[in-house]
Structure formats: structure tokens, C-alpha cells
Amino acid sequence: MAAGHRVARLLLEWYARGHRDLPWRRTSDPYRIWVSEIMLQQTRAQAAIPYYERFLVRFPTLEALAAARENDVLALWAGLGYYSRARNLWRAARVVAAAGEFPRQYDAIRALPGIGDYTAAAIASIAFGLPHAVLDGNVLRVVARVENDAADIASARTRERFRAVAQGWLDSREPGHFNQALMELGATVCLPRNPMCLLCPLAACCQGREAGTAAQLPVKLRRTVTVELERTLLVIRRRGKLLLRQNGPDARRLAGFWDLPTPQELPAARVGERLGEFPHTITHHRYTIVVHAATVRRVGKEYGWFDAAQFGEIPLCTTARKALKLTE
DNA sequence: AAGTCGGGGCG
DNA sequence: CGCCCAGACTT
């Protein structure tokens with residue numbers, strides 16, 4: 001292994017010379033850092049920024065979030081994906097508000113709903129200066145390349161070994177900057193397809209670059225199989241309002257979200273003109289969504305009529321938004 | 001350990 | 001078209 005303190009020094013010097021000006025790097029408020037880390041789970045920084053800004057205007061403090069209704073939190077999260085993040089964030093806010101203070105130790109942070117190993121280490125290091133190395137997709141890639149390690153990163157043992165490597169590199173005097181620098185490197189230089197080794201501060205101590213294997217690392221053996229599906233959505237208008245159906249609170253996907261009804265859910269509907277279609281992907285399901293106009297007599301209580309002005313205030317799922325855009 | 005959850009960007 | 005993204009949780 002390259003000497004840890006050398007990696008840390010090179011990384012921190014590189015990071016100090018310049019990095020992206022992300023909004024959550026302008027605060028030391030644990031609540032804001034927490035919100036950012038939840039939004040950044042499996043989400044690119046650029047995609048999270050507008051959601052982060054809006055969320056903190058609406059919920060500027062942990063107490064404000066804890067006092068909110070779950071549906072209002074979901075409405076602000078609509079479009080960002082992985083909605084259990086929003087529900088867990090809201091649940092955890094209520095736990096922390098009841099306790100009176102944001103937890104300052106790794107184990108207590110890790111115990112909150114929606115906070116796993118990565119997020120606990122990120123909050124502990126960035127908000128409280130605790131010496132915990134983060135392990136995310138960026139760090140996995142940088143470690144695999146610097147160490148020229150072709151082990152399968154889908155394996156838990158490999159991930160634990162890589163985390164230990166990052167922990168060995170960590171500069172415990174500034175763990176927050178170190179972790180952010182390592183992730184920044186993965187996000188801007190040590191890119192998945194085309195690592196920009198000529199710009200990399202770790203090039204001189206990167207065994208993957210030396211061996212010419214960097215672009216092939218890391219190795220991930222497990223791969224996903226995507227399934228093609230088709231689904232019909234109905235646009236039913238009455239007196240200027242649109243009919244939507246709310247998923248139950250225990251629905252597997254998009255719980256609590258409003259969506260356009262389908263002919264299966266609403267067999268009484270009379271399906272009319274075909275308005276168009278669009279593609280939509282959910283994890284490994286690739287849908288072709290076909291949109292029809294329709295009419296209906298009466299509907300159950302899970303349905304509601306909404307006008308366009310309300311679409312920003314409710315958790316409205318992306319398929320419905322896309323379908324409505326189609327009909328404009 | 002494998003499956004699931006969203007949605008978009010990129011080569 | 002497949003892979004990846006500042007992962008967590010359930011089975």
C-alpha cells in the first residue's frame with residue numbers, strides 16, 4: 001500500500017487548490033450536512049442541488065422538518081427518486097427533535113433511520129470532525145485503482161478491505177476534508193470510463209495507472225437484467241380538474257404518491273383517444289407508458305381531483321408529470 | 001448475498 | 001443500450 005499520509009497530503013493539497021462549489025460545503029450545520037448526504041445517496045451532486053436549495057428554504061431547521069407533514073416532505077422530494085429516503089429523513093428528524101440534539105457520535109448517528117455506514121461516516125467526519133473514512137462508489141473506484149486491486153466490489157469482504165485502505169489513508173486532523181477530497185477525486189478526475197490520470201494528484205502512487213489497468217477497475221461481477229414492460233395511464237378530466245389515484249402508505253413503490261389511474265385499477269373507465277407514449281425506467285424495469293384520454297362515472301376514496309396549481313404541493317410521481325407534459 | 005427502490009447523464 | 005451515481009433496507 002502507498003504510504004497513507006502521502007496519499008492524504010497529495011489529496012488535501014489538490015482539494016485545497018480548487019474544488020466544486022457545492023452548496024452543502026458552505027455550511028457547518030449538521031442538519032444541512034445530513035440533508036445533503038441523504039440526497040446524495042445514489043444521486044449525482046448536480047441533480048441534488050436544486051432539491052437541496054428548495055428543501056432548506058421550506059425546512060430551514062430540523063425542528064421545521066420534524067413539525068412538517070410527511071406528504072409535504074414527499075412533495076419536495078418528488079422527482080429525485082428513492083422516496084424511502086424522504087420518509088426516513090422525516091422519521092429521523094422527529095426522533096432527533098424529540099431527543100433535543102443531533103447525535104454527535106458515530107454509533108448514535110448510524111442508528112437513525114436512513115443512515116447506513118456511508119452516511120454515518122460522512123456526517124461524523126464532515127459535521128463533527130470524527131475520524132471515519134467513507135466508502136462510496138467514488139472511493140471504491142479510487143482505492144481499486146490506486147491499489148490495482150481487481151477483487152469484486154459486489155463482495156462484502158472486498159468492500160470492507162477497501163474501506164480499511166481508505167481508513168489507513170485518512171488524515172485524522174481533517175477527516176471531513178479528506179473524505180470530501182477523495183470523493184471529489186472520484187467524481188471529477190478518477191472517472192468510471194475515462195480516468196484523467198494526467199490531472200490526477202495520486203498518479204505518482206497509483207498502481208493501476210502504472211499497470212495500465214486503471215480504466216478496467218473496479219471489477220463488479222454482478223450485473224442486472226432489465227425487463228421490458230408496457231403500462232397504460234389514463235388522463236381523466238372533469239371541470240378543469242384531473243383525476244389522480246394515491247398509492248397506499250404500504251405500497252412497495254412510491255408509497256403515498258399520486259399517479260394517473262390505469263385501466264386495471266379503474267375498470268369502469270371508458271378508454272378514449274390515444275394521446276401518446278413515452279419511455280420510463282424504474283430500476284431494472286423498462287416501461288413503455290401509453291397514455292389515453294378516458295372518462296369515468298364515479299371513483300373510490302383513494303382517488304382525488306386536482307387542478308394544475310396543486311401539482312407542486314402534492315407528491316406527484318414522475319410518470320404522471322411526463323404524461324401530462326405529453327398532453328400539453 | 002441478492003433484490004429492490006428512481007431517475008437521469010453519459011459514452 | 002448498459003453502466004453509474006457522495007446507498008439503505010429487506011428478504
Side-chain angles (χ1 to χ4, degrees), chain A residues 19-20 22-25 33-52 74 77-89 91-92 109-123 125-126 133-142 152-160 163 166 176 178-188 190-195 215-228 247 250-255 257 259 278-287 289 315-322:
Chain A
H19 52 73
R20 293 174 294 175
L22 303 171
W24 43 86
R25 288 179 175 161
I33 291 166
W34 172 36
V35 171
S36 75
E37 290 300 339
I38 301 299
M39 288 190 172
L40 287 167
Q41 291 169 3
Q42 291 292 284
T43 305
R44 292 172 195 283
Q46 283 305 323
I49 289 174
Y51 288 88
Y52 176 83
L74 289 178
W77 211 276
L80 193 57
Y82 287 129
Y83 300 101
S84 62
R85 294 184 295 178
R87 274 186 291 277
N88 284 333
L89 181 63
R91 284 176 48 205
I109 298 168
R110 175 68 177 80
L112 293 170
I115 296 186
D117 293 339
Y118 163 79
T119 306
I123 295 172
S125 62
I126 297 170
V134 297
L135 187 71
D136 73 334
N138 292 305
V139 177
L140 282 170
R141 189 166 55 252
V142 173
D152 176 18
I153 61 167
S155 149
R157 279 201 305 282
T158 303
R159 287 199 300 271
E160 175 48 31
R163 195 204 60 77
F178 172 85
N179 279 333
Q180 293 187 77
L182 193 49
M183 293 189 283
E184 182 85 359
L185 187 73
T188 64
C190 196
L191 302 173
R193 303 283 179 73
N194 291 61
Q216 276 68 252
L217 296 171
V219 171
K220 184 155 71 176
L221 296 181
R222 209 173 102 224
R223 57 167 150 283
T224 57
V225 182
T226 62
V227 183
E228 302 266 357
N247 291 327
D250 299 322
R252 199 158 50 78
R253 287 196 313 232
L254 297 167
F257 271 72
D259 199 355
F278 59 89
H280 184 75
T281 308
I282 300 177
T283 313
H284 63 280
H285 304 283
R286 187 150 49 226
Y287 286 95
I289 308 281
L316 181 62
C317 70
T318 299
T319 49
R321 292 180 197 277
K322 287 182 177 176

Sugar-phosphate, base or nothing in reach of A:Arg286, heavy atoms under 4.0 Å: sugar-phosphate
Exam field: side chain A:Arg286 to backbone A:Thr226, donor-acceptor pair closer than 3.5 Å: no
Interatomic distance at P, C:dA6 relative to B:dC5, whole Å: 22 Å
Donor-acceptor side-chain pairing of A:Arg85 and A:Thr43 below 3.5 angstrom: yes
Distance in Å, A:Leu221 CG paired with A:Ser155 OG, rounded so as to fall on 0.5 Å steps: 9.5 Å
Comparing A:Ser155 and A:Thr224 on DNA chain B - which has the more 5′ nearest nucleotide: A:Ser155
Student check: side-chain heavy atoms of A:Tyr51 and A:Trp77 closer than 4.5 Å: no
Chain A contact limits on DNA chain B, taken 5' to 3' with a cut-off of 4.0 angstrom to heavy atoms: B:dA1 to B:dG11
Sugar-phosphate only, base, or nothing, as touched by A:Ala154 at under 4.0 Å among non-hydrogen atoms: nothing
Aromatic contact, A:Tyr52 with A:Trp24 (centres under 6.0 Å): yes
C1'-based separation of B:dA1 from C:dC5 [nearest Å]: 22 Å
Integer angstrom distance from the P of C:dA8 to that of B:dG9: 24 Å
Results of salt bridge (charged side-chain N to carboxylate O under 4.0 Å, His left out) for A:Arg20 - residues two or more places apart only: A:Glu184
Integer angstrom distance from the P of B:dG6 to that of C:dT11: 15 Å
Audit row: A:Glu160, A:Arg163, salt bridge (charged side-chain N to carboxylate O under 4.0 Å, His left out) steps and yes/no: CA-CA 5 Å; A:Glu160 175 48 31; A:Arg163 195 204 60 77; 3.3 Å; yes
Salt bridge (charged side-chain N to carboxylate O under 4.0 Å, His left out) between A:Asp152 and A:Lys220, worked out: CA-CA 5 Å; A:Asp152 176 18; A:Lys220 184 155 71 176; over 6 Å; no
Per-nucleotide protein contact string for nucleotides 4-11 of chain C, where B marks a base within reach and S marks sugar-phosphate only (heavy atoms under 4.0 Å, - for neither): BBBBSS--
